[in-house]
J.: 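Here you go, one structure.
Values in this document were obtained by computation on a predicted structure and should not be read as measured data.
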Amino acid sequence: MLKIKIIEVTPFAENCRILYDEQNHEAVVCDPGDAASLIKSALDGLGCKLKAILITHGHLDHIGAVADLKELTEAPVIGPAKDDAFLVQGILGQSRMLGLKSCKSFSPRYVSDGETLQLFSDPKLVIKVIATPGHTPGGVCFYFEQEKILLSGDTVFYGSVGRSDLPGGDEETLIGSVRKVLSLPDDTKICPGHGPDTTVEFERRYNPYAE
């Protein structure tokens with residue numbers, strides 16, 4: 001069974017998540033926007049080896065610490081989809097535009113819709129990639145079907161959705177992605193990039209973008 005530790009980072013209060021398997025002492029980190037040393041210390045405290053760094057999309061508040069964390073752990077970087085390459089490659093420009101500290105560049109392995117990732121030793125902990133463009137062109141969600149956990153990045157929030165007015169965003173596409181996410185089982189836990197967790201059932205009932 002996976003456990004989740006949240007480390008809130010960046011001035012944008014981004015939820016960097018450590019998902020870990022206590023039995024096998026393995027973990028993945030999703031969207032490390034900042035504070036690589038703090039994330040590494042948390043991994044050490046959990047006694048877990050980092051198997052991969054997962055990226056839902058290419059905005060700076062989600063990728064700012066990727067290069068540093070990779071250096072500290074030697075873990076591979078997986079995601080987002082290739083349509084976000086312009087954001088990943090433009091990380092220095094993003095930091096200047098937002099007035100934040102400069103970040104090192106990195107080269108991820110881009111993923112595709114429907115791809116499955118077996119990163120943990122436990123064969124049940126399979127991760128499915130769900131393409132969810134709209135907030136960014138190459139945004140993805142990571143779905144742990146067995147655990148009923150969805151890492152939604154900035155696609156779906158508690159009672160809301162991500163912005164679609166940033167470069168590469170598209171409102172109609174985003175709404176389609178939201179509805180795709182909300183077709184998952186009701187008891188799926190949605191873990192967004194900002195704000196509190198929610199569920200598919202709650203969002204299908206109360207999210208104004210669900211219909």
Side-chain angles (χ1 to χ4, degrees), residues 4-20 27-46 48 50-111 117 119 127 129 132-142 150-157 161-169 174 191-197:
I4 302 176
K5 180 178 179 64
I6 300 175
I7 301 176
E8 189 176 287
V9 298
T10 82
F12 302 98
E14 190 265 320
N15 293 324
C16 171
R17 297 177 191 266
I18 302 174
L19 294 91
Y20 61 101
V28 296
V29 166
C30 184
D31 289 354
D34 197 4
S37 296
L38 180 62
I39 297 167
K40 177 61 164 59
S41 294
L43 288 164
D44 292 344
L46 294 169
C48 290
L50 185 61
K51 303 297 290 185
I53 302 167
L54 304 178
I55 306 300
T56 62
H57 65 287
H59 283 157
L60 182 66
D61 56 327
H62 292 251
I63 66 172
V66 169
D68 288 338
L69 187 60
K70 179 177 172 57
E71 288 182 6
L72 290 171
T73 63
E74 300 183 352
V77 182
I78 301 175
K82 197 168 186 179
D83 285 344
D84 265 14
F86 77 102
L87 290 169
V88 173
Q89 293 165 5
I91 188 172
L92 295 178
Q94 288 194 61
S95 63
R96 286 193 292 268
M97 180 178 68
L98 295 171
L100 300 176
K101 67 180 182 181
S102 295
C103 302
K104 299 176 186 175
S105 60
F106 62 93
S107 297
R109 179 172 80 74
Y110 294 107
V111 293
L117 307 171
L119 303 175
I127 308 167
V129 176
T132 52
H135 178 64
T136 65
V140 300
C141 295
F142 295 102
L150 181 83
L151 302 173
S152 68
D154 287 1
T155 298
V156 181
F157 299 134
V161 299
R163 295 175 61 175
S164 59
D165 60 342
L166 299 172
L174 177 61
C191 301
H194 305 268
D197 294 345

J.: Would you call Ile63 and Asp31 a side-chain contact if the rule is heavy atoms closer than 4.5 Å?
T.: no

J.: Counting distance only, does the side-chain N/O of Gln94 pair as donor-acceptor with the main-chain N or O of Gly58 below 3.5 Å?
T.: yes

J.: Does any part of the side chain of Leu117, heavy atoms only, come nearer than 4.5 Å to the side chain of Val129, both counted from C-beta?
T.: yes

J.: Side chains of residues 71-83: which donor-acceptor pairs under 3.5 Å do they make with residues two or more places apart or in other chains?
T.:
{"from": "Glu71", "atom 1": "OE1", "to": "Lys104", "atom 2": "NZ", "distance (Å)": "3.3"}
{"from": "Thr73", "atom 1": "OG1", "to": "Leu69", "atom 2": "O", "distance (Å)": "2.7"}
{"from": "Thr73", "atom 1": "OG1", "to": "Ala75", "atom 2": "N", "distance (Å)": "3.3"}

J.: Mark yes or no for whether Arg17, through its side chain, and Val28, through its backbone, hold a donor-acceptor pair below 3.5 Å.
T.: no

J.: Aromatic rings His59 and His135: how do their planes relate, parallel, tilted or perpendicular, breaks at 30° and 60°?
T.: perpendicular

J.: With a 4.5 Å heavy-atom cut-off, do Pro192 and Asp154 have their side chains touching?
T.: no

J.: Please check: side-chain N/O of Ser152 versus main-chain N/O of Thr155, any donor-acceptor pairing under 3.5 Å?
T.: no

J.: If I take atom SG from residue Cys30 and atom CG from residue Asn15, how far apart are they, to the nearest 0.5 angstrom?
T.: 10.0 Å

J.: Is there a side-chain contact (heavy atoms from CB on, under 4.5 Å) between Leu19 and Leu151 once you walk through the steps?
T.: CA-CA 10 Å; Leu19 294 91; Leu151 302 173; 3.9 Å; yes

J.: Quick check: do Ile127 and Leu54 have side-chain heavy atoms less than 4.5 Å from each other?
T.: yes

J.: Counting C-beta onward and ignoring hydrogens, is there a side-chain heavy-atom pair between Leu43 and Val29 closer than 4.5 Å?
T.: yes

